[in-house]
Protein chains: 2
Amino acid sequence: MSLLVHPSTENITLVGLLGALADPVRLLIVVGLLKGQGCMSCAEASPCPGIAKSTLSNHFRMLRQAGLIRTTKRGVEHRNVVRKDEIDALFPGLLELVVKLAEKESAENRPVGGDGGWPRSVGP
Amino acid sequence: MSLLVHPSTENITLVGLLGALADPVRLLIVVGLLKGQGCMSCAEASPCPGIAKSTLSNHFRMLRQAGLIRTTKRGVEHRNVVRKDEIDALFPGLLELVVKLAEKESAENRPVGGDGGWPRSVGP
DNA sequence: TCAATAGTCCCATAATATCGAACTACTGAA
DNA sequence: TTCAGTAGTTCGATATTATGGGACTATTGA
């Protein structure tokens, strides 16, 4: 059963948000949500080829737990929206800048994330 | 032997930087470096009680691998500095904003990071 | 009622983080 | 030179976390 627990605003932390954004898939999801509008299906939200459904579900759960998105059931699917107003109040400028930098990075031919160099990509 | 490998600027990614900052200890280290100046000992850099020396060493390695800091040997200790100019060129405004938000968070009595709510702090 | 769809949950496996202990490198005495 | 002390890294074991397949739940529409 999905209870769709969301943290209250006082439990949203900067480290939590950064961690939620520190994954290529999740970053693309969030940028997509912010540039488009609230998105429907998980699969729809992400330009993710060959990622298991359960993994995608986990990514959305992580975004939810970090307080980045709010998920509501709408019929058979889940509607995810970024908690923009709340996050802007807590951490003004963060979402805007991340979106801008992600777009800058991809515009410079450096695929957003890629493997992200995170975690674990450079030797000792 | 420590080779102190640093990624070249083209291998510094947004996801990598966010991941490096997505830890309470590392965030405090980076903020400390940016607010103070290049720091000497790992132990000195971090206001970290009861964190194992090897763990701290790993945190510095992660910051290094993400391209956030540059480490040079100076005598018996390692000198760590934030690669500010390079990161500012790649991702303008990121470091400044993160420092500002971390300070805002702690000013609001919400200890920066805490356990950070990341990873894993809210139930299903 | 039944099939189809959207997502979650559970499990096993793989990848990471943490920390103690051993080790390396450098410094500054004696 | 030798030796003790300091700063960090590396290694091994353990614990935590992510991934993906498959089963399961809930909702919709025929």
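So you know, we letter chains A, B, ... as the sequences are listed, proteins then strands, and number each from 1. Side chains included, hydrogens not; waters and symmetry mates left out as well; all remaining heavy atoms used.
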Check: Checking A:R26 side chain against A:G19 main chain: does a donor-acceptor pair fall under 3.5 Å?
Finding: yes
Checklist line | Spacing between B:Q65 atom CD and C:dT16 atom P, to the nearest angstrom | finding: 11 Å
Notebook entry, point to check: Can you check the A:K53 NZ to D:dG21 C1' distance for me, whole Å?
Noted result: 11 Å
Notebook entry, point to check: Rounding to a whole Å, what distance do you find between B:L56:CG and D:dT9:P?
Noted result: 9 Å
Check: CE of A:M62 versus P of C:dG7: gap in Å, rounded?
Finding: 17 Å
Next item on the list: Please report the closest heavy-atom contact between A:K104 and B:L90, naming both atoms and the distance.
Entry: NZ-O, 3.0 Å
Margin query: Counting only side-chain heavy atoms from C-beta out, which of D:dT19, D:dG21, C:dA25 sits nearest to A:H59?
Written below: D:dT19
Item checked: Integer-rounded Å distance: D:dT28 P and A:R74 CZ -> 11 Å
Next item on the list: Measure across B:V82 and B:L95 and return the closest heavy-atom pair with its distance rounded to 0.1 Å.
Entry: CG1-CD1, 3.8 Å
Notebook entry, point to check: So which one's nearest nucleotide on DNA chain D is more toward 5', A:V76 or A:T55?
Noted result: A:T55
Check: Pick the nucleotide of DNA chain C nearest each of B:N58 and A:S54; which residue has the one closer to the 5' end?
Finding: A:S54
Item checked: B:H78 NE2 - D:dT10 P separation (whole Å) -> 10 Å
Next item on the list: Quickly work out the B:R61 CZ to C:dT16 C1' distance and round it to whole Å.
Entry: 10 Å
Checklist line | Any N/O donor-acceptor pair, A:S57 side-chain to C:dG7 base, under 3.5 Å | finding: no
Check: To the nearest angstrom, how far is A:I51 atom CD1 from C:dA6 atom P?
Finding: 17 Å
Item checked: Short side-chain donor-acceptor distance under 3.5 Å, B:N11 and B:S8 -> yes
